[in-house]
Amino acid sequence: MRSTSPGREWMAARGWQPFAFQRDVWRGVSEGRSGLLHATTGAGKTYAVWLGMLDALLQRHPPGRSAEPLRALWLTPMRALAADTTRALTQPLQDLAPNWTIGQRTGDTAAGERAKQDRRFPTVLVTTPESLSLMLTRENSRDELGAVEFVVVDEWHELIGSKRGVQAQLALARLRRFNPGLVTWGLSATLGNLEEAMKVLCGEAAQPSPVLVRGKIDKQLVIDTLIPPDPGKYSWAGHLGKRMQEPVVDEIARAEGTTLVFTNVRSQAEIWYQLLLEARPEWAGQIALHHGSLDRATREWVELGLKDGTLRAVVATSSLDLGVDFLPVERVLQIGSAKGVARIMQRAGRSGHAPGRASRLTLVPTNTMEIIEAAAARCAAYEGRIERRESPAKPLDVLVQHVVTIALGGGFTSDELFDEVRTAWAYRTLTREEFDWALTFCERGGESLAAYPDYHRIRRNDEGVWHVPDRGIARRHRMSVGTIVSDASMQVKYLSGGTLGTIEEGFIARLRKGDCFYFAGKLLEFVRVQEMAAYVRRATRNKGTVPTWSGSKMALSTELGDAVLEMMQTAAAGRYPHPELQAARPMLETQARLSRIPTPLTVLVESLRSREGQHLYIHPFAGRHVHLGLASLLAWRLARDRPNTFSISVNDYGFELVSAEPFDLAPVRDKGIFATGDLLHDVLDSLNSSELAQRRFREIARVAGLVFAGYPGQPKSMRQLQASSGLFYEVFRKYDRGNLLLSQAEQEVLSQELEILRLRSTMERIRERELVLVELRHPSPMSLPLMVERFREKLTTEQLSTRLDRILRDMERDTR
DNA sequence: GACCTGCTGCGGCCTG
């Protein structure tokens, strides 16, 4: 018989003392319990789970001569991590179980290796959620995956909040059906709701009950702020932070090792890369750029440079948030608001990646409010006020995809699959009606698509087993597995050959021949578009624009917003205990003089008359999504009482309403306008909610398999994809009102784009607090940025007649 | 007291 703990001996042989959390994990695993391991850093986490698993597996299946089936899966959210992980896991496996094999399977896996795996899977497989789903589409998936006893999900905090995480939940439910004794472990960074994250991963009904292990590694965290040289004159608005060019350059020059410079968006990364080069041309070749639109080869080159420590600085977006642990990173700078406490800690963790070294993050504010926010962010991070991440609630598009996946992967009977799906956390409240709807939708495309065979994806045979009868459908399904939907973009290529990366079609469409733009850190001249690629050459001129990519809009988190308000309170009380507050003091004092400083106990409402008309400013500090919803709602309610047209402007701290006509402030003063009754109805009416929902629906149509994005190498253009998803949206609205994918689109708009729950609680807070109404004579420091960033967005209450006109026109068009 | 925003991630065929 083998010793009880080869894993521990393996560690001991290397002189490694196990951490307390590693022992906790091993105990849990040996008892056959699932769990979640939360720890801040590196290899300790990986080995804790891996050695425990190996011990348990070797107990059950002592190494012998014969090959083992696939016993363990290791899921990572990134291909690059899969490669690193495989490397890390290999050594212990070879030492402890020489006849076991380990492999990696992602989209990168070479054809030869893939074919080999198809004949026989290795004992341990490192893969992604998407590749796991693909494995579930294989006819004999039960044979191939039925012997899996362990699953580890790395970086679970990255997946839990997204449909990718839901897809992983469904796949895990499937594996548990194959093997009820499956043991699942998650590895997670800091999260505000770890207990819940564990339940989402392990399933609510997990037996024996899962264990949450908190790895306590004393990692010192240092957060400080780069304060502008003349803070009293620092700009009140703006997000680029160009004025911090010299201070940032000085910081980089002073640092011993590599500095990571994080920006929030890709265009800003391009701009900052240029700013650094402009200040220090001699740094060419020593600094680099990294973001999600750059060519993969370029990115890999940069990552290599980071590992080797050969680069002085890298300007990056969240593309470097995850992934490889870059030892030589000395300093991390964050330009502009980090938006959330968890993000701050994540980014700080990129530095000092060695035992005993502190993680240090330096915040670089781009306007005066962000100086205050920096102090608030530090306090919140030190107090561990971390944001929660919630699993999406029963997204039916993901379910529809999964139903087809399982129909392909050996088939299912409805009762069984219903029970199985309900064990996944996201679908724990799924009703039989909803499930049956999804089934029918897969069977014949719902009410409206019955005439189109392409949407008759599954069929029930005489034994009641659902399967996919058509090979073409099967192929297209396998090609569209996954929940990541990206906008169509074009490759950027040199005329002479060589790919630089991708830019969205929209930006390219605005360029004319000869226009110059910065991309991938180079100044390029646009030549022509040909076969879905934009051709460029190096520009000879020296001025260009910077492409902007359209992405989703990050909002300030509740935790960080509250922390900023508390910081304002301190200032309102005349105390300036932080260097940041000192720096912002002139602005705060001006705010106090012209208006009032907002606090957690009050709601500051400012009104101003100008040539433009009447302005109303409210500062709830609830993030831009909530502010947009609230502003639209208020405009709508004000205009309902008296027809009026408002312009709206929002940022993360507050919002502005402007109208040419004066309006009655009484409903604001008496807070009647913040009533939460009928909130849902009013919000939907106040926004162009159907357009928002239609945009959402594009993603849903792709995930649910209604829209096929084209074969690899010949993608369809954005316009084609938009047109087809728009068509489905219209068809469903007209002929299939009960289509649950439509309501899902509306729900997603409400929960994700408007953060309806947060909106409601913000309104309740406003009603509870003392409302301070100030008549401004000049724009205050807090209102000015809103005035500056004014959206063009307008909300009109139409006269009844025009509305009638439009309804009649629509009716005509629809009946044509 | 003028003032540039908009992230990340995966996967895949046809062919004899």
Side-chain angles (χ1 to χ4, degrees), chain A residues 75-82 105-109 111 114 127-135 137 155 158-159 161-165 167-168 232-243 262-272 290-293 299 316-323 335-340 343 346-347 366-368 401 471-472 474-486 504 545-555 586-587 590 594 624-625 651-652 702-703 708-715 778-781 783-785 787-790:
Chain A
L75 299 189
T76 76
M78 268 177 72
R79 290 179 296 224
L81 277 180
R105 186 167 182 124
T106 66
D108 294 336
T109 306
R114 206 169 265 253
T127 184
T128 59
E130 286 78 9
S131 287
L132 175 56
S133 281
L134 278 164
M135 290 167 69
T137 67
E155 312 274 5
E158 275 301 313
L159 292 171
S162 69
K163 290 182 183 176
R164 291 187 82 195
Q167 186 162 44
K233 290 211 168 65
Y234 204 50
S235 54
W236 291 353
H239 298 276
L240 219 47
K242 277 188 178 177
R243 290 175 52 177
F262 277 113
T263 65
N264 283 335
V265 297
R266 287 166 283 188
S267 56
Q268 198 178 17
E270 294 274 353
I271 290 168
W272 265 93
H290 193 284
H291 61 68
S293 294
R299 293 173 55 170
T317 60
S318 355
S319 53
L320 281 185
D321 256 351
L322 265 192
I335 299 193
S337 166
K339 306 282 183 181
R343 263 165 68 98
Q346 178 83 23
R347 293 189 170 180
T366 59
N367 61 51
T368 311
Q401 186 183 111
R471 285 188 56 190
R475 197 182 77 216
R476 277 202 302 277
H477 180 77
R478 291 198 176 98
M479 287 175 58
S480 358
V481 160
T483 60
I484 299 174
V485 173
S486 22
E504 280 172 20
T545 58
V546 174
T548 55
W549 289 262
S550 68
S552 60
K553 297 163 184 170
M554 268 175 294
M587 178 270 206
T590 309
L594 297 179
R624 54 184 314 122
H625 295 162
N651 62 23
D652 275 322
R702 296 267 287 275
V703 174
F708 181 57
Y711 290 99
Q714 33 187 320
H778 306 282
S780 71
S783 61
L784 192 86
M787 192 180 261
V788 167
E789 288 182 30
R790 173 101 32 88

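A note on names: the letters A, B, ... follow the listed sequences, proteins ahead of strands, and every chain is numbered from 1.
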Give the nucleotide from the list [options] with an atom nearest to the side chain of [X].
X	options	answer
A/Met78	B/dT5, B/dG9, B/dG11	B/dG9
A/Ser319	B/dT5, B/dT8, B/dG12	B/dT8
A/Ile484	B/dG9, B/dC13, B/dC7	B/dG9
A/Glu130	B/dG12, B/dC10, B/dT8	B/dC10

Please check the phosphate of [N] (OP1 and OP2 only) for any side-chain N or O of [X] closer than 4.0 Å.
X	N	value
A/Arg114	B/dG12	yes
A/Arg702	B/dG11	no
A/Ser131	B/dG11	yes
A/Thr128	B/dG11	yes
A/Arg164	B/dG9	no
A/Thr317	B/dT8	yes
A/Arg266	B/dT5	no

- Query: Starting at the 5' end of DNA chain B and moving along, which residue's nearest nucleotide shows up first, A/Gly482 or A/Gly232?
  - Reply: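 Nearest nucleotide further toward 5': that of A/Gly232.
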
- For A/Ser318 and A/Thr590, take the nucleotide of DNA chain B holding the closest heavy atom to each; which residue's nucleotide lies nearer the 5' end?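 Closer to the 5' end of DNA chain B: A/Thr590.
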
Check nucleotides 2-4 of chain B for protein N or O atoms closer than 3.5 Å to its own N or O atoms and list the pairs.
from	atom 1	to	atom 2	distance (Å)
B/dC3	N4	A/Trp236	N	3.4

- Query: Do we see a donor-acceptor contact under 3.5 Å between the side chains of A/His239 and A/Gln268?
  - Reply: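 Looking only at side-chain atoms, A/Gln268 and A/His239 do not form any donor-acceptor pair under 3.5 Å.
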
- For A/Thr137 and A/Arg478, does a side-chain donor sit closer than 3.5 Å to a side-chain acceptor?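 Judged by distance alone, the side chains do pair up.
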
- Message: Expressed as a whole number of angstroms, how long is the span from A/Glu155:CD to B/dG9:P?
- Response: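 Taking atom P of B/dG9 as the reference, CD of A/Glu155 is at 13 Å.
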
